[in-house]
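Just so you know, these numbers use all the heavy atoms, side chains as well, and skip hydrogens, waters and symmetry mates.
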Amino acid sequence: MSGWTEGYVGGIDYIRAVYRDWSPALLCFALTLHGWRPPEGLRRGRFTMAEPGCGHGLTSALLAGAHPAARFEAMDFNPSHIAGVRRLAADGGLANAEFLEESFADYARRDGPMLDAVALHGVWSWVSAENRAILLDVLRRRLAPGGVLFVSYNALPGTLAHMPLRRLLVERCAEGDGPLPDRIARAVDFAAKMAAQGGGWLAGTDGVAERIEQLRRKSANYIAHEYLNGDWTAFYHADVVRGMAAAKLEFAGAAVPMEQLDDLALSSAQLALAAEAHDPAQAETLRDMMTNRSFRRDLFVKGGERLGVAERRSLLGETRFILLVAADDLPEVASTPIGRLPFPPALYHPLGEALAEGPQSLDALLSRPALAAQGEAAVLRALILLTGLSLAAPTMPEDGLEERRTSADRFNAAVLERHRFGDTPGQLASPLLGAGVPVSRIEALFLLAARRGTEPAAFAWHHLSADGIALGRDGERCEGEEGNRAELTRRHAAFVQRRLPLLQKLGVA
């Protein structure tokens, strides 16, 4: 954990994942809800975005495939990360994305265009104070006036409970020998034994035993990069706000729309206590204390413009949404961070049916009698909840759709080919959303078989069996090629009936 890694864990790759939180349509929706004018380029799909510390760069690659008129630059100092995403970019025909193998200091010395948006996922907590200062300088110089920053970080006070666990894992891994994944597994097992004994911090802190059990199901790649970095800092929100001010950045609000609904997590009495703080940053920090938040996803703007009431309503009214599941798959009760939340049928049934037809603006939804009867506030709140739970999403404008469709299809072809040998990247680029749509490996193999004009069950079984994968049904293992192909045939029929129509609406099939 030294040398060129600057204390960041090396020798093991970060997890391969795509994150939806800074897709342009979601950024614009969140900013508008908070009363800020979104950058016009983000709204129209013609913007420049950077992702310093991009890991495997899959989010930037997918967004580049979905937004051919935009430009992306992503950097990471791990050469294996950059080598992999450069190969994906070449295979997917991404002429609008640059993936750089650089440190933050190298990146800061690079000249480049002004940026409309910057995404820092987890980076703020995992790098040194020196590197945070370098990133602030990049933001100060290159983020354009009106530009937006997405930043996620380990938050206090919720992360306090994880700090002794992190120290335990770091120390146990450091004193062991053998490959790092083996040391991580032994360290987690040791932590589990301590938890079973109880007492002290383990007995006095809620959720520790459950957290350790969760780690048993996590990959060594996740644990290494989440817990073992030399720099691992959790922040009070107010301190992040004050730090960002050095780059002329102002807190704009939570990046996840659902987290903007204070009444989901706080009582009226708690809200009143938070309102007693004159400093907005301190008020937000008080909310974190009352909810014990351990992770934040925040938006900051540089010289952001406030929207008037009428213009905010106009922008929200023209924002279009689409369902990400079948209408009859909408739950009656949803699990949220604060417990189970009912979805009243009188509102969610007509809303789900409308969104299942295709993209619908808020104004168009409110023109329907069944939804108009529920009231604008209730419909907007429902859209916020559905969006936050990944059951619906805002879409990009019609303008530029065909260009996005051509680019996304080319990129998705490369992604589907990769699923012959694994399950990542597990998302396809949607030209409608301008973001990713999750697909399983089996779904990807079915889609690839359709592109190739070959029998789907046989094609999927050929590749799954090569990896030693066997299927199961109703708790029983499928036996032999015949049993597995029969199960894949059944799954393909269900896929064609239920899932494929949705993927076609989203433009990924």
Side-chain angles (χ1 to χ4, degrees), residues 18-34 38 66 253-265 297 299 312-313 315-397 427-428 430 432-439 498-499 501-508:
V18 176
Y19 303 96
R20 72 191 291 254
D21 297 325
W22 61 90
S23 58
L26 276 173
L27 288 178
C28 291
F29 181 43
L31 288 170
T32 305
L33 280 171
H34 276 304
V256 179
M258 190 170 71
E259 294 177 3
Q260 301 177 12
L261 302 176
D262 282 334
D263 62 297
L264 285 180
R297 290 168 286 184
L299 299 181
R312 174 183 179 273
R313 173 60 187 82
L315 288 176
L316 287 175
E318 66 187 46
T319 302
R320 302 186 308 156
F321 299 85
I322 193 168
L323 214 56
L324 300 181
V325 296
D328 55 4
D329 282 341
L330 284 180
E332 294 182 357
V333 179
S335 295
T336 74
I338 50 84
R340 294 173 66 78
L341 188 69
F343 277 11
L347 169 57
Y348 284 90
H349 282 178
L351 180 57
E353 290 173 356
L355 294 177
E357 295 175 8
Q360 304 286 330
S361 69
L362 175 60
D363 285 341
L365 292 169
L366 292 171
S367 71
R368 300 182 179 229
L371 294 173
Q374 297 295 319
E376 180 176 322
V379 173
L380 179 58
R381 180 184 175 90
L383 291 170
I384 292 171
L385 289 170
L386 291 175
T387 299
L389 295 170
S390 299
L391 297 171
T395 72
M396 295 297 292
Q427 295 198 27
L428 299 174
S430 166
L432 185 63
L433 304 178
V437 177
V439 292
R498 297 281 300 172
R499 180 77 167 144
L502 176 63
L503 296 180
Q504 290 171 334
K505 284 180 183 176
L506 297 175
V508 301

Residues, nucleotides or ligands: over 12 heavy atoms within 6.0 Å of E332 CD: no
Flag side-chain contact, heavy atom, 4.5 Å: D21 against L26: no
Do L27 and P38 have side chains that approach each other closer than 4.5 Å (heavy atoms only, starting at C-beta)? no
Identify the two heavy atoms, one from S367 and one from A364, that lie closest to each other, and give their separation to 0.1 Å. OG-O, 2.5 Å
Closest contact, heavy atoms only, P342 versus R340: CD-O, 4.1 Å
Would you call the rings of F29 and F321 parallel, tilted or perpendicular if under 30° counts as parallel and over 60° as perpendicular? perpendicular
In this structure, NZ of K505 is separated from CG of L503 (nearest 0.5 Å) by 11.0 Å
Under 3.5 Å donor-acceptor pairs involving side-chain atoms of residues 372-391, not counting sequence neighbours:
unit_1: E376; atom_1: OE1; unit_2: R313; atom_2: NE; d: 3.2
unit_1: E376; atom_1: OE1; unit_2: R313; atom_2: NH2; d: 3.4
unit_1: E376; atom_1: OE2; unit_2: R313; atom_2: NE; d: 2.7
unit_1: R381; atom_1: NH1; unit_2: D263; atom_2: OD1; d: 3.3
unit_1: R381; atom_1: NH1; unit_2: D263; atom_2: OD2; d: 3.3
unit_1: R381; atom_1: NH2; unit_2: D263; atom_2: OD2; d: 2.9
unit_1: T387; atom_1: OG1; unit_2: L383; atom_2: O; d: 2.7
unit_1: S390; atom_1: OG; unit_2: R20; atom_2: NH1; d: 3.2

Do V508 and L432 touch side chain to side chain, with heavy atoms closer than 4.5 Å? no
Run the salt bridge (charged side-chain N to carboxylate O under 4.0 Å, His left out) test on R499 and D329 for me, step by step, so that the C-alpha distance in whole Å, both residues' side-chain angles and the decisive distance to 0.1 Å come before the verdict. CA-CA 11 Å; R499 180 77 167 144; D329 282 341; over 6 Å; no
Least distance between heavy atoms, A254 atom then A30 atom: O-CB, 4.1 Å
Hey, are the side chains of L433 and T395 touching, using non-hydrogen atoms and a 4.5 Å cut-off? yes
Sidechain-backbone polar pair: R320 side chain, M396 backbone, donor-acceptor under 3.5 Å: yes
Does L330 reach the side chain of V325, with side-chain heavy atoms less than 4.5 Å apart? yes
Heavy atoms only: give me the nearest A327-A356 pair and the separation to one decimal. CB-CB, 4.0 Å
Residues V437, L324; criterion side-chain contact (heavy atoms from CB on, under 4.5 Å); working and verdict: CA-CA 8 Å; V437 177; L324 300 181; 5.7 Å; no
With side-chain contact (heavy atoms from CB on, under 4.5 Å) as the criterion, how do L316 and T32 come out once you've worked through the C-alpha distance, each side chain's angles and the decisive distance to 0.1 Å? CA-CA 7 Å; L316 287 175; T32 305; 3.7 Å; yes
Close side-chain approach of L33 and R312, heavy atoms under 4.5 Å: yes
side-chain contact (heavy atoms from CB on, under 4.5 Å) partner of T319, the single match among P359, P394, C28: P394
Residues A435 and S23: closest non-hydrogen pair is CB-CB, 3.6 Å
